[in-house]
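Everything quoted here is computed from the prediction, not taken from an experiment. We count residues from 1, following the sequence as given.
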Amino acid sequence: MSATQEPMVRAEAVQKRFGRVEVLKGVSLTVQPGEVTCIIGPSGSGKSTFLRCVNHLEQIDGGRLSVDGELVGYRQSGDKLYELRESEVARKRADIGMVFQHFNLFGHMTALQNVCEAPVQVKRVSKREARETGMALLERVGLGEKVGNYPSQLSGGQQQRVAIARALAMRPKLMLFDEPTSALDPELVGDVLAVMRQLAEEGMTMLVVTHEMGFAREVADTVVFMDEGMIIEAGTPDQVLVHPREARTQDFLSKVL
């Protein structure tokens with residue numbers, strides 16, 4: 001990797017408040033292209049909020065956030081940051097895939113239609129090309145036989161794999177996963193993690209909020225432990241999960257491992 005390569009994600013002292021509650025208290029983090037970063041920590045620690053800030057589903061109140069060298073949601077002129085128009089934000093967001101905890105599929109559309117919708121509407125891909133890509137992606141996540149099924153006819157794990165295929169259909173340079181397995185029955189988790197593992201092996205840059213410590217240990221390049229809106233500790237899976245330095249990290253891991 002060249003020393004001059006721009007990080008895929010660069011967060012510098014990012015702050016976020018909801019009313020008087022400071023949810024992110026100066027979070028700084030870099031994710032290099034092709035890296036998998038897993039964010040762990042207790043509920044309410046700011047993990048999901050940080051992820052939503054990365055693709056500007058939430059506006060930040062301080063600091064700077066850039067993806068692939070471009071500011072997220074803003075442009076800079078001199079020393080000032082100016083909010084981009086929603087159409088410009090949407091265009092940039094198209095390069096960032098997001099997979100949510102609760103699938104967010106369109107219930108009135110088949111699996112294939114769910115996957116094809118955004119490339120056609122947002123990227124103006126032809127319906128034929130979108131359909132071919134959609135079929136290939138559903139095949140890739142193990143759902144080639146389910147292309148005509150509606151979400152209500154699929155298990156939670158299958159719906160989540162459709163959601164991953166839908167995100168990949170936009171050809172993103174970055175994938176964000178917000179606790180993608182926490183709403184699933186335990187026996188369905190493995191299929192979703194297998195798809196994510198495959199993406200990591202193919203070099204997709206991924207930022208993953210997860211409770212799956214085994215996945216973090218096996219797949220992550222970097223594990224970040226957050227608590228109360230701050231990064232307490234970050235390092236390799238071995239450094240953070242096996243030999244944590246901070247007492248707060250040790251306490252958290254003693255309860256979840």
With clusters defined by side-chain heavy atoms of hydrophobic residues (ILVMFWY) lying less than 4.5 Å apart, directly or transitively, does [Y] cluster with [X]?
{"X": "Met230", "Y": "Val23", "value": "no"}
{"X": "Leu241", "Y": "Val209", "value": "no"}
{"X": "Met226", "Y": "Phe252", "value": "no"}

Work out which heavy atom in [X] is nearest to a heavy atom in [Y]; give both atom names and the distance.
{"X": "Met206", "Y": "Phe177", "result": "CE-CE1, 3.7 Å"}
{"X": "Val122", "Y": "Ala94", "result": "CG1-CB, 4.2 Å"}
{"X": "Ile231", "Y": "Ser28", "result": "CD1-O, 3.4 Å"}
{"X": "Gly235", "Y": "Val240", "result": "N-CG2, 3.3 Å"}
{"X": "Val72", "Y": "Val54", "result": "CG1-O, 3.2 Å"}
{"X": "Ile96", "Y": "Pro172", "result": "C-CB, 4.1 Å"}

Which atom pairs, donor and acceptor, lie under 3.5 Å between side-chain atoms of residues 79-87 and protein residues at least two apart or in another chain?
unit_1: Glu83; atom_1: OE2; unit_2: His56; atom_2: NE2; d: 3.0
unit_1: Glu83; atom_1: OE2; unit_2: Gln59; atom_2: NE2; d: 3.2

Quick one, Phe50 with Leu176, criterion side-chain contact (heavy atoms from CB on, under 4.5 Å). Give me CA distance, side-chain angles, the key distance, then yes/no. CA-CA 11 Å; Phe50 176 69; Leu176 308 176; over 6 Å; no
Let me confirm one number: the CD-OG distance from Glu179 to Ser43, rounded to the nearest 0.5 Å.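 One finds 6.5 Å between CD of Glu179 and OG of Ser43.
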Lys NZ or Arg CZ of Lys16 over Phe18 ring: under 6.0 Å, within 45°: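 Geometry flag: set, cation within 6.0 Å and 45°.
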Mark yes when over 12 heavy atoms from residues, nucleotides or ligands other than [X] sit less than 6.0 Å from its [atom1]; otherwise mark no.
{"X": "Gln250", "atom1": "CD", "answer": "yes"}
{"X": "Arg248", "atom1": "CZ", "answer": "yes"}
{"X": "Glu145", "atom1": "CD", "answer": "no"}

Does one side chain, of Gln198 or Glu202, offer a donor that lies under 3.5 Å from an acceptor on the other?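 Per modelled atom types, Gln198 and Glu202 side chains form a pair under 3.5 Å.
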Salt bridge (charged side-chain N to carboxylate O under 4.0 Å, His left out) between Glu132 and Arg128, intermediate numbers included: CA-CA 6 Å; Glu132 287 175 2; Arg128 182 181 167 190; 3.4 Å; yes
